Amino acid sequence: MDRPWLVLDNSVLSAFANAGWFHGPEVWDVDYQLVTSRRIWEQEFLPYHPVENTPEWLSVHKIDLEDARAKIPNKLSVHDWTGVIAAERSERSVLTTNDFAMKKTAEGRDVETLWGTAFAIQTYQKCGISINEFDIGVNDYISDVTLGPDIAAELRNTQKEP
Amino acid sequence: MVGGEISGPNGPSGPDKRNDPFQSFSSVQDQFEAAVKASFDDPDVFLETVIDDVLAMPPEERFEESVTVIEEHYKDEFGQADTLAALLPFGQQWIESYLTELFSQVMTKVAKTAFHTREGGDWLIVLPVLQACNVAFEDVTEDSIEHSEKSKLFSALTALFFRLYREVKQEKNDGTGDFELVAMDLIRALEVIVPITESGAQVLSADEVTASEAYDIARQEGAMLCYVYADISIGRGAELAGLSQVEFKQLLESYDITPRYGPQSVSDLHSGVDLNDG
């Protein structure tokens, strides 16, 4: 059976890269196909985080905005819409983002979502990020995502599962 | 509401007004004209004459002294300025409440143009202009502001509003509205307004920018105000401003606007999918 897609938008890719956790999502590669859209990857992420090669754990897909409803911007950009439409690929696919408007729009279209910070916590607990890497990068992550004090504290206090 | 309910530019009952980016501001113009029609013999002629004379003033006078031109017209029409107050069917407090409410409604409506108009464009310029007018208007009514400064604020406010009024009308009439002019007048108005309303704040000079640069600045400020008033995504705000997401976030932060990233509560943080169940 095809693995469901776990779609990462630029807010998540960028926050992980800024924290030094960019390799972290690879830990989900067995259960999910980690995906982003070509627009997000080439036009938003790479200009600020140039890499020689696309990581093996990440699939970059060209997403066509065929859905007429997506051509009306509503609250999202064209790049955002490629992420939402990618996550509509199958019922079990998930979109992870830090952006309120993007998450709300996706949920309105019955897409499963996950806050980027919850994704960071689950990735850390699954040992995609080491304790040392987490301690070094957590303040940069919090700053990049402008987390409020309660959420920042919850993130900092995350324990690895036994 | 947009979000899957519209299949094209024309709804089932004809052209969709939501595709007219100036529709929301046009309602302001209509109300402005209606509010004065009851008190003037020839309101359209009066209004256009006042606007012509204000806009004909050189910039260095227009944004600080246009109030004198307006007063002269009122005196010519009514004999004295107080006569106008007696003729108008509403008092100052009513005007203040009305304009404050109108401002809030119009800002939200114009910002929501972002929901159905993909491209950022001239319509974005309306937002920072209205914002500047509102800031000036709030201080014009403040008792703590000296009369001479109130006079300058009122001059800047009316000069800017008249410019927007004229160019939006021109745009709707024959598509020839010049919004680079509006953007330059925004910069000039802020040169007068900001030193009075935000003592010590730095302000950009109109001598330092070209009309095209002023337009880009106003467009970016319009995109920021869309982000504030219309709850759009960071990506959408960046798209409207013609910036990358990183640049748009930096712009927001330079104006002390926190990006709307979540979650806002610990329970919401853990409310999503558990990937281990996948």
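All chains are named by letter (A, B, ...) in the order of the sequence lines, taking the proteins before the strands, and each is independently numbered beginning at 1. Owing to the predicted nature of the structure, the values given are computational and were not obtained by experimental measurement.
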Asker: At what distance, to the nearest 0.5 angstrom, does CD of A:E44 lie from CD1 of B:I234?
Answerer: 10.5 Å
Asker: Where the side chain of A:Y48 meets the backbone of B:S244, is there a donor-acceptor pair that is under 3.5 Å apart?
Answerer: no
Asker: Quick one: pull up OG in B:S233 and NZ in A:K104 and give me the separation to the nearest 0.5 Å.
Answerer: 13.0 Å
Asker: Name the residue from A:D99, A:D9, A:D80 that meets the side chain to side chain contact (heavy atoms under 4.5 Å, CB included) definition with B:Q245.
Answerer: A:D80
Asker: Between B:E253 and chain A, with a heavy-atom cut-off of 4.5 Å, which part of the residue counts as in contact: side chain, backbone, both or neither?
Answerer: side chain
Asker: Please flag which part of B:E119 lies under 4.5 Å from any non-hydrogen atom of chain A: side chain, backbone, both or neither.
Answerer: neither
Asker: Under a 4.5 Å cut-off applied to non-hydrogen side-chain atoms, are B:L275 and A:D31 in contact?
Answerer: no
Asker: So B:D231 and A:F100, side chain to side chain contact (heavy atoms under 4.5 Å, CB included) or not? Walk me through it.
Answerer: CA-CA 9 Å; B:D231 289 347; A:F100 261 104; over 6 Å; no
Asker: Indicate the atoms forming the closest heavy-atom contact of A:T117 with B:G262, along with that distance.
Answerer: OG1-O, 4.4 Å
Asker: Answer with side chain, backbone, both or neither: which region of A:L155 has an atom nearer than 4.5 Å to a non-hydrogen atom of chain B?
Answerer: neither
Asker: Output the distance between atom OG1 (A:T146) and atom CZ (B:R260), rounded to the nearest 0.5 Å.
Answerer: 11.0 Å
Asker: Check the pair A:W28, B:N276 against side chain to side chain contact (heavy atoms under 4.5 Å, CB included), reporting the backbone distance first and the verdict last.
Answerer: CA-CA 9 Å; A:W28 300 103; B:N276 291 298; 3.7 Å; yes
Asker: Let me know which of A:L147, A:V145, A:I151 forms a side chain to side chain contact (heavy atoms under 4.5 Å, CB included) with B:Y261.
Answerer: A:V145
Asker: Using non-hydrogen atoms and a 4.5 Å limit, figure out which bit of A:D144 sits close to chain B: side chain, backbone, both or neither.
Answerer: both
Asker: Looking at B:R236 and A:L76, what are the two nearest heavy atoms and their distance?
Answerer: CD-O, 3.2 Å
Asker: Heavy-atom pairs under 4.5 Å with chain B are the metric here; pick the option from A:L6, A:N98, A:T97 that has the most.
Answerer: A:N98
Asker: Taking B:V273's backbone N and O only, do any of them form a donor-acceptor pair with A:Q122's side chain (distance below 3.5 Å, no angle check)?
Answerer: yes
Asker: Identify which of B:G235, B:G237, B:G272 forms the greatest number of heavy-atom pairs closer than 4.5 Å to chain A.
Answerer: B:G235
Asker: Which atom names give the shortest non-hydrogen contact between B:E239 and A:V78, and what distance separates them?
Answerer: OE2-N, 3.0 Å
